[in-house]
Number of protein chains: 2
Amino acid sequence: MVTKKEDKKEHIIDTAERVFGEFGYEGASTRLLASEAGVNMAMLNYYFGSKDGLLRAVLERRISSMRAVLEDIYQQPITNWQKLERMIEAYLNRVLTNNCFHRLVQRELSLAQRHDTADLISEHVFLNLKVMRQVIVDGMADGTFREVDAEMTIASVIGTKYYLLNSTDILSRLLNADMQDKVQLEEVIKPRVKKHLLSLLKSYLLKQNEEK
Amino acid sequence: MVTKKEDKKEHIIDTAERVFGEFGYEGASTRLLASEAGVNMAMLNYYFGSKDGLLRAVLERRISSMRAVLEDIYQQPITNWQKLERMIEAYLNRVLTNNCFHRLVQRELSLAQRHDTADLISEHVFLNLKVMRQVIVDGMADGTFREVDAEMTIASVIGTKYYLLNSTDILSRLLNADMQDKVQLEEVIKPRVKKHLLSLLKSYLLKQNEEK
DNA sequence: CAAAGTTAATCAATCGATTAATTAATTAAC
DNA sequence: GTTAATTAATTAATCGATTGATTAACTTTG
């Protein structure tokens, strides 16, 4: 039964995603990874070859799907503002739901001395950013958006989300909400970020933001 | 001669700040830290007690001064917009210049399983954010700012800088500039971020942003 | 009974930390 | 001032613990 083996692999990857996210790559020992997943330590090497292979498996599982979503939105026959709206919403859902994963990604990217895996992510993330930038560039070209620094605007959008994600502790205090709590995150924080980002971008990008 | 000893300690802290920033806390071994600083490994424990003590020394050196700067700006007899302007400029100068340090701080804060030192930073950063938030709250109270989500607005400002700092590699490609290069960072990136953030906040916060 | 899956035991390497011995710097004695 | 005594600074060697990885034996599966 292939299913059972694949289920086990999936379970290990699930666990590793969380443990890597909580402890960092260096901080998560193979023994910890194994015991958290409830398997023998040797199984990690049996399935993934090495600790690095496990990290790669964690990354590759999620890495490509995000761009597919963005590309799909980009192709839709809607206004550039609507595209931006949907992209932000899609990104927000991804990032805040699979928060362990995105924390892991962000942390590994921030290391100057990186693993080979970092380049793997780097390329994919870069392409994601380019799609989002293109929407802003298109919007400026067709005259619906003001002339802004497209790249920096993207950086502000993504930066807001990553900051929320990676400084959970501090922001929980500032926002008066427990961001560790999945329910609060989903029902309070997420709508709040969404509203904020859209309102921020609306007043910055859209020319006709006086009438409403 | 006390100076010589203190110079040596300072040199070790300087080096540790960079190495921790590049490799992460777990990734930077005591042997590496020592050899990069050009001292015997035992000297680290002699001066700082432990690896953790060295990290604490790195953090404590910079941690308190930022708030002093912000508090000073907050007390000045200027408009809230001007306060915000100056705070952003001050923050930007700090963060982009001592980038290794701020990368280190952010990375340690993003770990769910943290060192005691993380709480030390957490408190200070939180207080910094509160001061900046207060400026926005004040501005809304005196009617010069629109009614916005003050906490989220702060998150966007800090988040922008955070993202620039921690995804250097990707953003260098997106911005078409080498952010590792100190000169370009100082003369190209910094003014560009500054202009972007101020222009973004201006259109979002200030009511009279039509005339100019 | 052959292949895949799983285990406990163990590998060398590296981790942070400490030791005891040595050198340099400071202080005290005269 | 010179020298002896005392403290501080520095070194190489080594500590036990833990790291990622591998082995060989064992169990399950098809």
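Chain naming here is simple, since letters A, B, ... match the order of the sequence lines and numbering starts at 1 in each. Everything numeric in this text was worked out from a predicted model, so none of it was measured.
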Interatomic distance, [X] [atom1] vs [N] [atom2] [rounded to whole Å]:
X	N	atom1	atom2	result
A:Leu44	D:dG20	CG	C1'	10 Å
A:Asn40	D:dT22	CG	C1'	12 Å
B:Phe48	C:dG16	CZ	P	15 Å
B:Leu55	C:dA17	CG	C1'	17 Å

message = Here's a test of your reading of the structure: between A:Val39 and B:Glu26, which maps to the more 5' nucleotide of DNA chain C?
response =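 Mapping each residue to its closest nucleotide by heavy atoms, the 5'-most match is A:Val39.
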
request  = Find which nucleotide of DNA chain C each of A:Met43 and B:Asp52 is nearest to by heavy atoms, and output the residue with the more 5' nucleotide.
outcome  =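 In this pair, the answer is A:Met43.
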
So, is [X] close to the [N] phosphate, meaning a side-chain N or O under 4.0 Å from OP1 or OP2?
X	N	value
B:Asn45	C:dG16	no
A:Tyr47	C:dT6	yes
B:Tyr46	D:dA8	no

query = What is the nucleic acid contact for B:Ser29, judged by heavy atoms within less than 4.0 Å: base, sugar-phosphate only, or nothing?
reply =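 B:Ser29: backbone/sugar contact only, no base atoms under 4.0 Å.
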
inquiry  = Just to be sure I understand the rule, does A:Ala28 reach a base, reach only the sugar-phosphate, or reach nothing, if contact means heavy atoms closer than 4.0 Å?
reply    =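 Answer is sugar-phosphate: A:Ala28 comes under 4.0 Å of backbone atoms only.
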
task = Give a yes or no on whether A:Lys130 atom NZ has more than 12 heavy-atom contacts from other residues, nucleotides or ligands under 6.0 Å away.
result =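 Not buried by this count: 12 neighbours or fewer within 6.0 Å.
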
If you check the [X] side chain, which of [options] turns out closest?
X	options	answer
B:Lys8	D:dT10, C:dT6, D:dA12	D:dT10
A:Lys51	D:dG20, C:dA17, D:dT22	D:dG20
A:Arg31	D:dT19, D:dT14, C:dT7	D:dT19
A:Met41	C:dA9, C:dT6, D:dT10	C:dA9
B:Thr30	D:dA21, D:dT22, C:dA17	C:dA17

task = Kindly confirm or rule out a cation-pi arrangement of A:Lys8 over A:Tyr47, judged by NZ or CZ under 6.0 Å from the six-membered ring centre and within 45° of its axis?
result =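 Checked: cation-pi criterion not met.
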
Donor + acceptor pair across side chains of A:Tyr74, A:Asp138 (<3.5 Å) =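 Distance-only check passes for A:Tyr74 and A:Asp138.
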
request  = Go through A:Tyr163 and B:Asn166 one step at a time and tell me if the side-chain hydrogen bond (donor to acceptor under 3.5 Å, both in side chains) criterion holds.
outcome  = CA-CA 10 Å; A:Tyr163 193 61; B:Asn166 286 316; over 6 Å; no

message = In terms of relative ring orientation, are A:His102 and A:Tyr162 parallel, tilted or perpendicular, with 30° and 60° separating the classes?
response =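 Taking A:Tyr162 first and then A:His102, their aromatic rings sit tilted (interplane angle of 30° to 60°).
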
